[in-house]
Amino acid sequence: MAAGSVTLGIDLGTTSVKVALVEAAPGDPSGFVVLASCARAARAEVAAQSAAAGPQGQEQDVRRIIQALNECLAALPRQQLRKVCGIGVSGQMHGVMFWKTGQGCEWTEGGAAPVFEPRAVSQLVTWQDGRCSSKFLASLPQPESHLSVATGFGCATIFWLLKNSPESLKSYDVAGTIHDYVVAMLCGLTRPLMSDQNAASWGYFNTRSQSWNLEILRAAGFPVHLLPDIAEPGSMAVLNISTSVQLVASMPSGFQPAQTPDPTAPVAYFPYFHRTYLAVAASLNGGNVLATFVHMLVQWMADLGLEVEESTVYSRMIQAAAQQRDTCLTITPTVLGERHLPDQLASVTRISSSDLSLGHVTRALCRGIIQNLHSMLPFQQLREWGVERVIGSGSALSRNEVLKQEVQRAFPFPVSYGQDVDAAVGAALVMLQRNFNQQES
């Protein structure tokens, strides 16, 4: 890769937003260096807009997510941002949000640089959403896809809203994932683009024909006009210069797109990227389970008139579990159910009076998270496939020594761990490699 090429990676995760500036470094063994990075907790969880969703509804405030993104970008060094020649975006899959074409955001002066703020948008219904019961899913048409439809999938959520809250759909004319929305706003797209992998995660998408199951959906009364257009992962979304869109918070005024769409001009295009790492997805699930447990403990303490920070509870839990090397307690941590078995919720078994300490419980919880992964990809199967190394990614692993111990216990391979901003770095690397390939051609 040519020295001096800098790309910006953005990751819109379930619990946090992360950004990273990556520069090509031909002399480095990895070929790149991370110049700067930043992460912010989104704290975006809100009650579902439809009361019919009940406690199973899992939604997030898009405005809080974008606020966290703006804060991350503002924290990056401006002298490095001036060198940016492309932006890669990744984010949580399956979820769906809606917005009004031409009214999705407003660009305003945010101190040192312009920022964009959501306007005519819905809340984000996340991949964790559990409002679609097994009975409801069974009532939906059979998809023409390699994937069955599960609760939390974008199309399943739209079907549910169509039946239970049709008025909520009338205010919007497009839909997408949270990262589809961000790229559409940055690029001034009238219609969002979605990678084929993210489309598959919504359901009712045929990966062989690269198309939505339009006939099936239309026959069921599905609002197909909401579906995004499809692009291959890593393909480019053309930035329409006529929209006069400012790019991102803290981006210097000198960073301008080409006057006409030029496939050799990296500043005129933005890539799509989505998580394909098992470890990343797993660590996010693990982080959410632990976060739920910590929040529950803090709520219990509040009910007793005690106030304590969640970070304090989390650190004490990890310390206690690190000292408790083993336990007979067994925790199945599927608090949100499984996609193939949504009604199979969490459970605790093999309870004894000797295994009820904080260390036992936390150790069992961490072990249950990793065992759930192991059940999907057993060590024996990986060894048969010739796997020689495991790479652990995501904040749940990087911040939790007990989870690391359980990974090593379940997967006796050499294990290496990344940092909190791995997905953002990966998104930036996709763009960096594309720029390099364009220069080579």
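Computation of the quantities below employed the complete heavy-atom set of this structure, encompassing side-chain atoms and omitting hydrogens, waters and symmetry-equivalent molecules.
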Is the shortest heavy-atom distance from the side chain of [X] to the side chain of [Y] under 4.5 Å?
{"X": "Arg389", "Y": "Phe413", "value": "no"}
{"X": "Val407", "Y": "Leu397", "value": "yes"}
{"X": "Asn198", "Y": "His94", "value": "no"}
{"X": "Val19", "Y": "Asp11", "value": "no"}
{"X": "Leu124", "Y": "Val96", "value": "no"}
{"X": "Val348", "Y": "Thr330", "value": "no"}
{"X": "Val121", "Y": "Met97", "value": "yes"}
{"X": "Pro228", "Y": "Trp202", "value": "yes"}

Heavy-atom pair of closest approach, residues [X] and [Y]:
{"X": "Ala48", "Y": "Arg131", "value": "CB-NH2, 4.0 Å"}
{"X": "Ile318", "Y": "Asn400", "value": "CD1-ND2, 3.3 Å"}
{"X": "Val62", "Y": "Ser122", "value": "CG2-O, 3.4 Å"}
{"X": "Lys18", "Y": "Ala39", "value": "CG-CB, 3.7 Å"}
{"X": "Ala428", "Y": "Gly9", "value": "CB-N, 3.5 Å"}
{"X": "Gln60", "Y": "Thr14", "value": "NE2-O, 2.7 Å"}

Take Leu365 and Val402, measure what side chain to side chain contact (heavy atoms under 4.5 Å, CB included) needs, and give me the verdict at the end. CA-CA 10 Å; Leu365 180 59; Val402 180; over 6 Å; no
Side chains of [X] and [Y], donor plus acceptor under 3.5 Å:
{"X": "Gln405", "Y": "Arg363", "value": "yes"}
{"X": "Gln299", "Y": "Asp303", "value": "yes"}
{"X": "Glu117", "Y": "Asn70", "value": "no"}
{"X": "Ser352", "Y": "Ser354", "value": "yes"}
{"X": "Thr126", "Y": "Asp129", "value": "no"}

From CA spacing to verdict: side chain to side chain contact (heavy atoms under 4.5 Å, CB included), Gln433, Phe32: CA-CA 10 Å; Gln433 185 63 51; Phe32 71 93; over 6 Å; no
Do the side chain of [X] and the main chain of [Y] share a donor and acceptor less than 3.5 angstrom apart?
{"X": "Gln92", "Y": "Ile178", "result": "no"}
{"X": "Asn206", "Y": "Ser209", "result": "yes"}
{"X": "Gln80", "Y": "Pro77", "result": "no"}

State whether [X] and [Y] are salt-bridged, where the test is any N-O pair (Lys NZ or Arg NE/NH1/NH2 against Asp/Glu carboxylate O) under 4.0 Å.
{"X": "Lys170", "Y": "Glu167", "value": "yes"}
{"X": "Arg191", "Y": "Asp173", "value": "no"}
{"X": "Glu144", "Y": "Arg208", "value": "no"}
{"X": "Arg64", "Y": "Glu45", "value": "no"}

Could you grab the distance from atom [atom1] of [X] to atom [atom2] of [Y], nearest 0.5 Å is fine?
{"X": "Leu35", "Y": "Leu76", "atom1": "CG", "atom2": "CG", "result": "10.0 Å"}
{"X": "Glu401", "Y": "Cys366", "atom1": "CD", "atom2": "SG", "result": "11.0 Å"}
{"X": "Glu338", "Y": "Leu345", "atom1": "CD", "atom2": "CG", "result": "10.0 Å"}
{"X": "Gln142", "Y": "Ser148", "atom1": "CD", "atom2": "OG", "result": "8.0 Å"}
{"X": "Arg40", "Y": "Arg43", "atom1": "CZ", "atom2": "CZ", "result": "10.0 Å"}
{"X": "Leu226", "Y": "Leu169", "atom1": "CG", "atom2": "CG", "result": "6.5 Å"}

Just checking [X]: does its [atom1] atom have more than 12 heavy atoms from other residues, nucleotides or ligands closer to it than 6.0 angstrom?
{"X": "Gln380", "atom1": "CD", "value": "yes"}
{"X": "Arg63", "atom1": "CZ", "value": "yes"}
{"X": "Lys163", "atom1": "NZ", "value": "no"}

Does Lys404 qualify as a cation-pi partner of Tyr417, given the criterion of NZ or CZ under 6.0 Å from the six-membered ring centre and within 45 degrees of its axis? yes
Apply side chain to side chain contact (heavy atoms under 4.5 Å, CB included) to the pair Val308 and Leu306, showing each step before the final yes or no. CA-CA 7 Å; Val308 61; Leu306 304 174; over 6 Å; no
Hey, mind stepping through Tyr204 and Phe222 against ring-ring contact (aromatic ring centres under 6.0 Å, His included) and telling me if it holds? CA-CA 11 Å; Tyr204 294 98; Phe222 186 95; 7.1 Å; no
Using the ring of each side chain (for Trp, its six-membered ring), is Tyr181 parallel, tilted or perpendicular to Trp99, with breaks at 30° and 60°? perpendicular
Applying ring pair (Phe, Tyr, Trp, His ring centres under 6.0 Å) as the test, list every pair that has at least one member in residues 380-411; sequence neighbours left out. His374-Phe411
Given Arg367 and Ile331, is the side chain to side chain contact (heavy atoms under 4.5 Å, CB included) satisfied, shown in steps? CA-CA 8 Å; Arg367 181 168 297 174; Ile331 296 180; over 6 Å; no
